[in-house]
Amino acid sequence: MLVVSCFKTKGFLRIKPFNIQTPLLFCSSTTFPAISKESNPVSFLQPNRTTLFRQLKQRPTLSQLKETHAQIITQAFSQDISFVGSLIRSYTSSNDLGYARVLFNRYPFTSPPTLLWNLMIQAYSKTLNSQESLHLFRRMLSLDGPIVPVPDSYTFTFVITSCSHQPSAVEGQNTHGRVIKSGFESDLFVGNSLVNMYSAFMKMEDAQKVFNEMPQRDVFTWTSLVSGYAKSGEMGAASELFARMPERNDVSWAAMIAGFVGGAKYNEALKYFHDMLFDAKMKPNEAVLVSVLSACAHLGALDQGKWIHVYIDKTGVPQSSNISTALIDMYAKCGRIDCANQVFSGISKRDVLTWTSMISGLSIHGLGKVALRMFSQMLGEGIRPNNITLLGVLNGCSHSGLIDEGCKIFYSMESLWGIAPTIEHYGCLVDLLGRAGQLERAFKIARDMPMNPDIVIWRALLSACRIHGNASLGEQIIDYISKMDPIGHGGGHVLLSNLYSSLGQWERVDRMRKLMSEIRSDYNPGCSWIENVDRDTSEVGGSFEKGKCRRWIYSQH
DNA sequence: ATCAGAATTG
């Protein structure tokens with residue numbers, strides 16, 4: 001039996017369920033929202049079964065849904081199984097898992113049918129808490145009694161999606177076994193989620209095997225496989241598949257372009273973007289644009305970046321936070337901090353990402369003081385920094401010699417924002433102190449920090465030694481490195497070699513080069529990209545037609 | 001009711 005209190009205030013009907021120990025549909029002290037004639041004109045007076053069902057079917061907003069829920073309780077329909085099901089469905093589609101879960105747990109008389117298990121499992125698979133989705137699935141399997149819910153192809157599709165969000169592939173592999181036992185192997189959706197799951201873990205032999213054995217495939221199947229190869233850096237395999245795909249859409253293109261960017265094949269990324277534009281039916285989506293802007297940023301390809309900016313404005317792509325972030329980053333890395341700032345100023349609602357890209361941009365331009373000012377402005381607007389924001393700020397301090405400020409931020413980041421320094425933050429600190437000439441202190445920090453120093457740290461330290469002409473500390477550091485890990489660290493030896501040569505001690509350079517070849521270091525010769533700006537063809541808003549593209553000079557030194 | 005994609009530091 002249900003108890004609810006109804007009372008009228010200022011013309012509104014308020015309904016509040018009481019908390020009693022009988023198996024309530026709803027056991028919560030929440031006050032339901034007021035029901036007004038305006039917000040619910042039809043059902044205000046006498047809602048019956050049919051009108052209540054109609055209200056639930058019409059994709060209500062969360063507050064409308066709660067009103068309807070309150071009415072169901074007052075009409076004593078709350079033990080009605082079909083109402084419970086509809087309510088759960090509505091709450092999951094409104095992404096209110098709390099209410100949905102309460103209803104699900106208190107499902108009256110029997111265990112919920114498969115459909116409701118599926119809805120709950122699917123809802124959790126979309127959240128960060130996808131573990132819960134697997135818990136539910138395990139509970140579903142462990143039930144026994146006369147009527148038990150049986151997993152169907154929907155269940156497996158959602159469970160496998162949750163598996164692809166787990167830290168390891170074991171859950172996914174187990175579920176795959178269960179799929180085979182239950183005979184859902186040949187289902188298109190189950191197959192697609194399996195290909196996607198194996199691709200997410202970059203287990204491409206397995207993904208390919210599932211793909212090969214599927215009786216039918218669609219764009220999702222192909223795109224999932226392509227993006228798996230792209231993520232694994234196997235762009236040869238990816239482009240081969242991409243060429244063979246019977247049908248492509250914007251996500252397929254995005255997978256290819258992002259794959260090239262991830263593998264530092266920026267020119268290839270731009271080439272695919274060009275091909276995509278050539279296909280009149282294809283419209284680059286946000287993911288494509290963000291990836292291509294990143295490619296421009298890495299190449300220093302300002303003109304192409306500008307072209308994409310104009311394209312975004314002209315074609316009315318909604319200027320999202322991601323797009324703004326990518327534009328700011330592109331302009332900053334291409335040396336146009338003024339344009340970056342222009343984009344930043346034009347944003348109506350700034351978030352951590354846009355702030356971070358602006359601050360980092362200022363930092364790499366040596367504008368540490370401005371970066372710091374922006375940082376405090378950001379804090380003033382109540383936006384919490386993340387670890388990358390702090391990296392940007394620390395980087396700005398080290399490039400502008402703001403030692404006290406940098407140290408202060410480093411040593412208070414954990415207490416102020418709950419962000420524990422990672423090895424990258426330590427790298428900034430060592431760099432900061434090293435550049436400032438506090439070499440001993442920097443070395444001590446590298447030695448005593450909670451994690452093993454990596455090559456980036458040693459490089460910062462050794463180049464600081466070089467700048468400040470302190471070869472003996474450099475040697476001391478190298479000794480320390482070789483004691484810790486005698487094999488590897490090729491980069492460190494190269495740096496020591498540079499350190500010596502800058503000091504004119506050539507006999508030692510010789511010794512170091514020998515040592516380097518002995519330890520077979522994975523050192524790659526430095527290289528740089530220089531954009532060959534051809535003014536005739538690079539006007540903003542120009543096209544990417546053949547022959548009009550940039551040429552590149554590749555120089556090695 | 002169903003499955004695919006992106007960015008921020010050196």
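Computed from heavy atoms alone, side chains included, the values below leave out hydrogens, waters and symmetry copies.
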Query raised in the report: Roughly how many Å is it from CD1 in A:I312 to P in B:dA6, rounded to a whole number?
Result: 17 Å
Query - Closest listed nucleotide, where the reference is the side chain of A:D329 and the choices are B:dT2, B:dA4, B:dT9 - result: B:dT9
Query raised in the report: What nucleic acid atoms does A:E286 come within less than 4.0 Å of, heavy atoms only: base, sugar-phosphate, or nothing?
Result: base
Query raised in the report: Think A:K333 has a side-chain N or O under 4.0 angstrom from the OP1 or OP2 of B:dT9?
Result: yes
Query raised in the report: Heavy atoms under 4.0 Å, any strand shown: does A:A258 hit a base, just sugar-phosphate, or nothing?
Result: sugar-phosphate
Query - B:dA4 base / A:N192 side chain donor-acceptor hit below 3.5 Å - result: no
Query raised in the report: Which of parallel (below 30°), tilted (30 to 60°) and perpendicular (above 60°) describes A:F184 and A:F156?
Result: tilted
Requested in this report: For the pair A:F104 and A:W117, name the ring-plane relationship: parallel under 30°, tilted 30 to 60°, perpendicular over 60°.
Outcome: perpendicular
Requested in this report: When you get a sec, tell me which of B:dT8, B:dA4, B:dA1 is the closest nucleotide to the side chain of A:R89?
Outcome: B:dA1
Query raised in the report: For A:I383 and B:dT8, what is the distance between atoms CD1 and P respectively, to the nearest whole Å?
Result: 19 Å
**Report entry** Any donor-acceptor pair under 3.5 Å from A:S363 side chain to A:G392 backbone
**Finding:** yes
Query raised in the report: Contact class for A:N322 vs. all strands (heavy atom < 4.0 Å): base, sugar-phosphate, or nothing?
Result: base
Report summary line: From CG of A:D218 across to P of B:dA4 the rounded distance in Å is 12 Å
Query raised in the report: Does the cation-pi check pass for A:R447 over A:F443, that is, NZ or CZ under 6.0 Å from the six-membered ring centre and within 45° of its axis?
Result: yes
Query raised in the report: Which whole-number value in Å describes the distance from A:H399 NE2 to B:dT9 C1'?
Result: 9 Å
Query raised in the report: If you look at every strand shown and take non-hydrogen atoms under 4.0 Å, does A:L394 touch a base, only sugar-phosphate, or nothing?
Result: nothing
Query - A:W355 and A:F344: CA distance, side-chain angles, deciding distance, ring-ring contact (aromatic ring centres under 6.0 Å, His included) verdict - result: CA-CA 8 Å; A:W355 278 105; A:F344 182 76; 4.9 Å; yes
**Report entry** Sugar-phosphate, base or nothing in reach of A:T161, heavy atoms under 4.0 Å
**Finding:** sugar-phosphate
Query raised in the report: With A:Y198, which of A:Q173, A:Q208, A:M204 fulfils side-chain contact (heavy atoms from CB on, under 4.5 Å)?
Result: A:Q173
Requested in this report: Measure distances between side-chain N and O atoms of A:N118 and base N and O atoms of B:dA1, and say whether any donor-acceptor pair falls under 3.5 Å.
Outcome: yes
Requested in this report: Determine, answering yes or no, if A:F189 is stacked on B:dT2 under the 5.5 Å centre rule and the 30° plane rule.
Outcome: yes
Report summary line: Of B:dA4, B:dC3, B:dT8, the nucleotide closest to the side chain of A:T223 is B:dA4
Report task. Figure out the CG/P separation between A:L362 and B:dT9, and round it to whole Å. Result -> 13 Å
Report task. Looking at every strand, decide which applies to A:S193 at a 4.0 Å heavy-atom threshold: base, sugar-phosphate, or nothing. Result -> nothing
Query raised in the report: Over how many whole Å does the gap from A:L293 atom CG to B:dT8 atom P extend?
Result: 11 Å
Query raised in the report: Reckon A:N196 has a side-chain N or O less than 4.0 Å from the OP1 or OP2 of B:dA4?
Result: yes
Query raised in the report: Rounded to whole angstroms, how far apart are CG on A:D351 and P on B:dT8?
Result: 14 Å
Report task. Remember a base hit wins even if backbone is also touched, and classify A:D187 as base, sugar-phosphate or nothing at under 4.0 Å, heavy atoms. Result -> nothing
Query raised in the report: Between atom CG in A:L327 and atom P in B:dT8, what is the gap in whole Å?
Result: 13 Å
